[in-house]
Amino acid sequence: MNSQQLQQLFPYLWTLPRKPGEQRAEVLLYGNQTLLESMDDKVLEQIANVAALPGLAGAAMTMPDAHWGYGFPIGGVAAFDAGQGGIISAGGVGFDISCGIRCLRSNLSLHDAEPFLHELADKFFENIPAGVGEEGKIHLNPQQLDEVLLGGAKWAVKQGYGNASDLEYIEENGCVAGAMPENVSELAKKRQRGEMGTLGSGNHYLEVQVVDHIYDNVVAQAFGLYEGQLIISIHCGSRGLGHQIGTDYLVKLAKAANRLGIRLPDRELACAPIQSQEGQQYLGAMNAGINCALANRQILTHLTRETFTGIYPHVVLETLFDISHNTCKEEIHNIDGKPRLLHVHRKGATRAFAPEHPKLPERYRAVGQPVIIGGSMGTGSYILAGSSTNQAFASTSHGAGRALSRNQALKRWNGRSLIDELQLQGILIRSRSMRGVAEEAPGAYKDVNIVAEVTEQAGLARRVAFLRPKVCIKG
DNA sequence: ATGTTC
């Protein structure tokens with residue numbers, strides 16, 4: 001986009017001035033000039049549309065990694081007040097409900113693990129189901145699937161996948177309230193019955209990484225991180241179930257908007273008042289989708305431990321944190337100094353509670369919530385910590401963010417040669433889809449280093465550690 | 001993101 005149309009408020013905060021007669025709330029864009037210039041004009045159009053939706057509280061915002069999405073931009077944050085006619089939108093959550101990252105810290109250094117990295121890559125590839133429509137070893141009957149939707153990661157731990165300590169370090173302790181499996185279609189449930197414990201495709205991955213650099217020693221110590229340490233990150237979501245909920249409710253919410261006379265600036269912004277029947281139905285289905293994703297990452301954590309232990313019996317893998325970046329959450333935030341209960345849509349945006357937030361586990365209370373910014377294949381990831389300077393409804397960036405579309409990437413790169421190039425850099429890629437690898441070429445993403453740096457400079461979160469990839473399993 | 005044009 002052309003940054004001339006924006007007005008700079010602070011070094012890393014911009015606004016889009018309203019045109020005469022334009023009826024909408026304030027739009028705020030976090031970033032520097034380079035990141036904003038590289039964004040599609042559609043991002044601006046989309047976030048201005050969001051700012052025109054009913055019941056918005058405060059400003060509609062984009063994070064430094066924002067890019068064009070369905071209706072809402074990816075990297076978009078918008079909070080709505082149910083009492084003021086505020087809406088909920090499936091496009092504001094994203095198709096992959098509760099897509100997120102589970103990060104595990106190990107008791108091994110890269111030096112210890114170097115001799116068996118190839119074996120680790122092969123075994124992970126063998127044991128972690130990945131790819132479109134790929135099913136796992138777990139097949140659930142309808143009643144069991146409903147239990148997943150109600151119980152989330154707590155259900156998974158009860159089944160023997162992981163332990164109680166995992167739950168302590170998952171957002172919402174592994175299970176959100178308000179899930180209503182009865183609001184999830186039979187088709188959505190059917191699609192999921194064989195997909196628990198699977199990675200999926202696209203930008204999802206399981207990575208073995210090494211802590212390459214520590215930015216903040218005090219916070220790193222609280223997070224249990226040190227240079228040279230081996231880390232595992234699992235990026236995935238609610239698979240077929242979440243996608244089907246999104247598809248189902250786009251239609252239902254569009255009908256509701258029409259029935260209730262809500263004027264939509266874009267039909268992709270299908271939404272309904274939070275207090276309407278359809279709004280409540282979607283909330284119940286979305287919360288079921290969140291629990292599905294939390295259970296999924298918990299089972300994948302178990303498979304990761306099983307695989308790793310098979311190669312290196314003394315490994316200990318503890319959950320550092322598990323955080324989603326596609327959700328709508330009911331939270332209390334201050335608007336003009338007054339606390340209000342809001343529904344915060346974060347689509348491709350990570351929650352980042354500041355130090356002393358009551359929902360944080362004791363271990364992290366003094367330093368803030370771990371925030372995971374996942375990089376593109378082969379480029380590295382960042383661990384950050386929530387900051388008291390955040391004024392974006394406790395939200396921050398979630399990843400590098402695409403710079404080129406999947407089609408553009410396919411024209412420019414070849415999967416096989418990318419894998420060869422990365423292997424020369426000491427990064428082992430395993431994937432069944434060469435097309436998928438080409439679509440995920442590192443060059444198709446923005447520079448994650450700049451995203452993390454600007455995220456910190458903008459006061460959204462503080463950098464704690466940089467993780468360099470060693471093994472990457474792609475869908 | 002996605003049984004990748006349900």
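Naming convention: chains lettered A, B, ... in sequence-line order (proteins, then strands); numbering from 1 in each chain.
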*Could you state the CZ-C1' distance from A:R432 to B:dT4, rounded to the nearest angstrom?*
17 Å
*asked:* Filter on salt bridge (charged side-chain N to carboxylate O under 4.0 Å, His left out), then keep only pairs touching residues 200-212 of chain A, sequence neighbours left out; what's left?
replied: A:D212-A:R468
*So what does A:L187 touch, heavy atoms closer than 4.0 Å: a base, only the sugar-phosphate, or nothing?*
base
*Considering residues, nucleotides and ligands other than A:Q281, do more than 12 of their heavy atoms fall under 6.0 Å from its CD?*
yes
*Roughly, in whole Å, what's the span from CG in A:L250 to C1' in B:dT2?*
13 Å
_Under 4.0 Å, heavy atoms only, any strand: does A:G237 hit a base, just the sugar-phosphate, or nothing?_
nothing
_Nucleic acid contacts of residues 239-248 of chain A, taken as heavy-atom distances under 4.0 Å to DNA chain B_ = A:R239, A:G240, A:H243
*Hey, could you give me each pair passing salt bridge (charged side-chain N to carboxylate O under 4.0 Å, His left out) that has a residue in residues 263-284 of chain A? Not counting sequence neighbours.*
A:R259-A:E278
*Protein-nucleotide distance (A:K252, atom NZ; B:dC6, atom P), rounded to Å*: 21 Å
*How is A:E439 classified with respect to the nucleic acid when contacts are heavy atoms under 4.0 Å: base, sugar-phosphate, or nothing?*
nothing
*Could you check A:E440 against A:V132 and say which one's nearest nucleotide on DNA chain B is further toward the 5' end?*
A:E440
_Residue pairs involving residues 256-308 of chain A (criterion ring-ring contact (aromatic ring centres under 6.0 Å, His included); sequence neighbours excluded)_ = A:Y161-A:H302, A:Y249-A:Y282
_Suppose we screen for side chain to side chain donor-acceptor pair (under 3.5 Å). Which residues come up paired with A:E330, at least two apart in sequence or across chains?_
none
*Residues in side chain to side chain donor-acceptor pair (under 3.5 Å) contact with A:T379, at least two apart in sequence or another chain*: A:S376
